[in-house]
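Step one of this worksheet: look at the structure below.
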Amino acid sequence: MAYYSDELIEEVRAANDIVDVISGYVHLQKKGSTYFGLCPFHNEKTPSFSVSRDKQMYYCFGCHAGGNVLTFVMEYENFSFPEAMQSLADRAHIELPKQEMSTAQKREADRREKLLEINKEAANYFYRLLKSPQGKQALDYFKNRNLTDETITHFGLGYANKYSDDLYKYLKQKGYSDDLLKDSGLVSFDEKRGGYDKFWNRAMFPIMDANSRVIGFGGRVMGDGEPKYLNSPETKIFDKSRNLYGLNFARKSRRKGFLLCEGYMDVIALHQAGFDNAVASLGTSFTSGHANLLRRYAQEVYLTFDSDDAGIRAALRAIPILKEAGISARVVDMQPHKDPDEFLGTLGPEEFEKRIEDAENSFLFEIRMLARGYDLNDPESKTAFFREVSRRLLAQFPERLERENYIEAIARLYPVGFEQLRDMVNSAGTRGGLTPQRKPVRLENSGEKKKESDADPSQSLLLTWLIEDPAVFNAVAGVIGPEDFIGELSRKAAEAVFAQHERGEPNPAQIISLFPDEEQQREVAGMFHANIPSAEDRQKREKALNETVQRVKRSSIEHRSAELDPSDIEGLQRLIEEKKQLATMQISID
């Protein structure tokens, strides 16, 4: 990873006006001094995504995404920080220093670039072979699956020749070393055969990351060979548990949520039919890594797994993973067909759209699948079913309202009274203790985040006031300081705001860059986007400011008092004096 000085980061950020950059991705309309558009990070019909040229920040009042121009490029393009820096530096014609990387880091980055280059060469080679006479069988396979030429080109589909060293020879001619080819996952080696291809005589599916870079391949054998489907092994650029097939296209879709499938052909068929929000895991079970990746782009997922027993089991495994990541899941009924590809070929896109609209609540789907193992006409089996529903499923809800809503729904669907089922759930909760709410899956590199009082609306309101109005800073300086902001994130943001004011240069977008973690940047952006009272009515504005400062100061005194050593007499006297001053405090804005 490249490391840059604060001065260079600020130079790149300042050279890229946030309104100009975001306008390239989102249609913005100016309302007053702020620009608004439909949020690119969640599906909405009414614009709640705001971009401020004055603050050089964006913030969504719907999903709370926020940050500066670097944050936006990282979030939208799924870039790392160095990649976002490079992209914006190129846009502003700023040359980034290459020596920022250590020798080892540069070596690692160069190797990753070479591996990406090899995969791109292989993808182009497979694509050309598909269109050649040797690729006729694979091309016929794709055509028989009703894929158009446009779709084949769009997904870069190809063919691996029937000769097992064909690609190896081609890449060697391009000058790539055996060591690199081995690391690419495309070539294997042994003493007798030397170098030979991982994929041969297969219809090929290039796997791309969110930024459309080829990172691996899937291949379906032509004929009766085994295995039927083969995927690239894990490499330095390919992690199956953190990538999804089709995400590079689906993340730009304006459709609601994502359609989660099992196979490549399902994704391709759905995209061809207009459902360009379809993705699939890469020959592996759905993981928390996949869920975290989806969470960056959507809050809702529709499961379109196969309708057979294996598909049902896969759906039942995925539902709790999605739930823990904070993603709402619904299940699309494929019956009477096995998968989306088969469904579309028979019933068409319009019927599939209806199935999405009628998708089943994932919790009720779990209940329905559980019921298949019980005879609800037999009293003993029926009691066992509701006992299992109560203990294993309904007792999972920590909030009473949500729990009772589902009890009511189940009582309507199955032969049981609401009161009886509620008593059983309460009994299960009393015996085992109602299951505490699951903690969300941690985002990569986010660490454990203690919220403390960082979300305190009074602190956010005062911080927003301080960055928007220098007169407010002059009025509160000496009355309140960064030490009065409770919570590590709030205090660090306040320290930066006060320091900038002392220099006479409030710059909230620069403050965002002080926080390396994207989730922290989002939280700080929220602190700078509270709704402050209008400046038109000075009396009401001053009253609101005094109330806000009083709340922040009072919380600060209470927090310090709770942490004070009882033997610290001097500290206790200071707090008593501050309380007295608080009672008579009156701030006016000049």
Side-chain angles (χ1 to χ4, degrees), residues 25 39-43 63-65 67 71-81 83-84 112 116 155 205-216 218 231-232 234-264 266-267 270-271 275-305 314-315 317-330 362 438-447 449 517-519 521-522:
Y25 299 91
C39 181
F41 303 117
H42 81 287
N43 191 277
C63 71
H64 309 296
T71 319
F72 179 85
V73 173
M74 289 169 67
E75 285 279 343
Y76 191 93
E77 298 289 359
N78 198 26
F79 278 173
S80 64
F81 178 74
E83 288 171 332
R112 286 177 60 85
L116 288 168
F155 282 91
F205 301 81
I207 298 166
M208 302 179 199
D209 66 10
N211 301 308
S212 297
R213 297 175 300 189
V214 181
I215 55 174
N231 286 315
S232 290
E234 302 260 320
T235 68
K236 289 182 183 294
I237 60 173
F238 182 47
D239 183 344
K240 294 177 185 178
S241 67
R242 295 187 182 277
N243 285 282
L244 290 161
Y245 186 72
L247 181 62
N248 55 316
F249 302 125
R251 72 186 183 92
K252 299 174 183 177
S253 173
R254 296 306 302 170
R255 279 184 165 271
K256 181 181 178 183
F258 278 177
L259 301 175
L260 183 58
C261 315
E262 287 191 79
Y264 303 143
D266 290 330
V267 171
L270 282 165
H271 279 248
F275 301 94
D276 61 352
N277 56 337
V279 296
S281 54
L282 301 165
T284 183
S285 297
F286 189 76
T287 67
S288 60
H290 293 134
N292 278 337
L293 187 58
L294 284 174
R295 184 183 172 187
R296 300 187 67 169
Y297 304 102
Q299 281 76 49
E300 190 168 33
V301 164
Y302 294 83
L303 299 177
T304 61
F305 290 171
R317 284 194 301 269
I319 288 168
I321 295 172
L322 289 164
K323 193 178 295 182
E324 286 197 4
I327 298 172
S328 170
R330 303 185 74 82
S362 62
R438 292 167 172 164
K439 293 180 181 178
V441 176
R442 284 188 296 166
L443 296 177
E444 185 181 2
N445 297 327
S446 67
K449 295 182 180 64
D517 183 84
E518 288 179 44
E519 190 65 23
Q521 292 179 359
R522 177 191 293 249

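Heavy-atom basis, side chains included; hydrogens, waters and symmetry copies ignored.
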field: Validation row, ring centre Y25 to ring centre F72 under 6.0 Å
entry: yes
query: Can you tell me how far the CG atom of D266 sits from the CZ atom of F275, to the nearest 0.5 Å?
result: 13.0 Å
- request: On the 0 to 90° scale, with breaks at 30° and 60°, tag the Y264-F205 ring pair as parallel, tilted or perpendicular.
  value: tilted
message: A side-chain contact here means heavy atoms from C-beta on lying under 4.5 Å apart; do L270 and C261 qualify?
response: yes
query: Any donor-acceptor pair under 3.5 Å linking the side chain of S232 with the backbone of G216?
result: no
- prompt: Quick one: does S241's side chain have a donor or acceptor within less than 3.5 Å of a partner on T287's backbone?
  reply: no
query: Below 4.5 Å, heavy atoms only, C-beta onward: do R242 and L293 meet side chain to side chain?
result: no
- prompt: Ignoring hydrogens and geometry, is there a side-chain-to-backbone donor-acceptor pair from Q299 to S328 under 3.5 Å?
  reply: no
- prompt: With a 4.5 Å limit on heavy-atom distance, are the side chains of F81 and M74 in contact?
  reply: yes
- prompt: Any idea which heavy atoms bring D276 and S253 closest together, and the distance?
  reply: OD1-OG, 2.7 Å
- prompt: How long is the gap from OH on Y76 to NZ on K252, to the nearest 0.5 Å?
  reply: 6.5 Å
message: Do Y297 and L247 have side chains that approach each other closer than 4.5 Å (heavy atoms only, starting at C-beta)?
response: yes
query: Can you find a heavy atom in the side chain of L260 that is under 4.5 Å from one in the side chain of T304?
result: no
- prompt: For A278, does its backbone N or O pair with a side-chain atom of H271 as donor and acceptor, under 3.5 Å?
  reply: yes
field: Validation row: R251, N211 side chains within 4.5 angstrom (heavy atoms)
entry: yes
message: Salt bridge check, E83 against R213: does any charged N sit closer than 4.0 Å to a carboxylate O?
response: yes
field: Minimal non-hydrogen separation, F286 against A318, with atom names
entry: CD2-CB, 3.9 Å
message: Could you check whether N248 and S212, counting side-chain N and O atoms only, form a donor-acceptor pair closer than 3.5 Å?
response: yes
task: Work out which heavy atom in V267 is nearest to a heavy atom in V279; give both atom names and the distance.
output: CG2-C, 3.5 Å
- line: CZ of R112 to OG1 of T235, rounded to nearest 0.5 Å, is 8.5 Å
statement: Shortest non-hydrogen pair, C63 vs C39, comes out as SG-SG, 3.8 Å
- line: d(H290 NE2, L282 CG) to nearest 0.5 Å is 5.5 Å
query: Shortest non-hydrogen contact from A291 to I321?
result: CB-CG2, 3.9 Å
statement: Scanning both residues in full, the closest heavy-atom pair of E234 with K240 reads OE2-N, 2.9 Å
query: Out of L303, V301, I327, which one pairs with I319 under the side chain to side chain contact (heavy atoms under 4.5 Å, CB included) rule?
result: L303
query: Okay, side chain of N243, backbone of D209: is any donor-acceptor separation there less than 3.5 Å?
result: no
- prompt: Hey, what do you get for OH (Y302) to NZ (K256), rounding to the nearest 0.5 Å?
  reply: 3.5 Å
message: Measuring from atom CZ of R522 to atom NE2 of H64, what distance do you get when rounded to the nearest 0.5 angstrom?
response: 9.0 Å
